[in-house]
Amino acid sequence: MDIIREAMALPVDNFLGMLIYAVTFMFVAGLVFSLALKFIPNRLPYAVKSLIVFIAIIISLIIWWQMIVEPGLNL
């Protein structure tokens, strides 16, 4: 458990930390996309559905930036 805590301290410092953060990001992004796609009603126009999916993509990119890129920039 200490190895995982040390790896998560600086995510861009080592491969294990990047792997853990990447798996976490893929899980969160998949959860966001599946929730967005599950709750989009079929009667909405195609443009509105595309906008909702675009917002889900932006949310996942913001989460990615906050979790992985920004801590690496502050080294």
Side-chain angles (χ1 to χ4, degrees):
M1 193 66 176
D2 292 333
I3 294 172
I4 294 175
R5 286 185 185 154
E6 289 175 13
M8 297 290 282
L10 297 172
V12 294
D13 191 28
N14 54 33
F15 182 71
L16 179 62
M18 286 298 292
L19 181 66
I20 292 171
Y21 273 94
V23 169
T24 305
F25 169 72
M26 288 188 290
F27 176 73
V28 171
L31 184 66
V32 168
F33 285 121
S34 64
L35 287 175
L37 292 174
K38 181 178 181 176
F39 293 113
I40 296 176
N42 286 332
R43 64 178 183 269
L44 288 177
Y46 181 76
V48 175
K49 290 185 224 178
S50 297
L51 180 66
I52 293 171
V53 171
F54 175 73
I55 291 170
I57 291 170
I58 295 298
I59 289 171
S60 65
L61 286 175
I62 290 171
I63 292 170
W64 171 74
W65 182 267
Q66 294 292 323
M67 283 178 54
I68 298 175
V69 176
E70 192 172 356
L73 294 176
N74 293 330
L75 289 178

For a quick test of your reading: what N or O donor-acceptor pairs under 3.5 Å do the side chains of residues 26-35 make, sequence neighbours left out?
from, atom 1, to, atom 2, distance (Å)
Ser34, OG, Gly30, O, 3.1
Ser34, OG, Leu31, O, 3.0

(request) Output all residues satisfying side-chain contact (heavy atoms from CB on, under 4.5 Å) with Pro45, sequence neighbours left out; order by chain, then residue number. (result) Val48
(request) Supply the atom-to-atom distance Leu51 CG to Tyr46 OH, rounded to the nearest 0.5 angstrom. (result) 12.0 Å
(request) For Lys49 and Leu44, work out which heavy atoms get closest and say how close. (result) CE-O, 3.1 Å
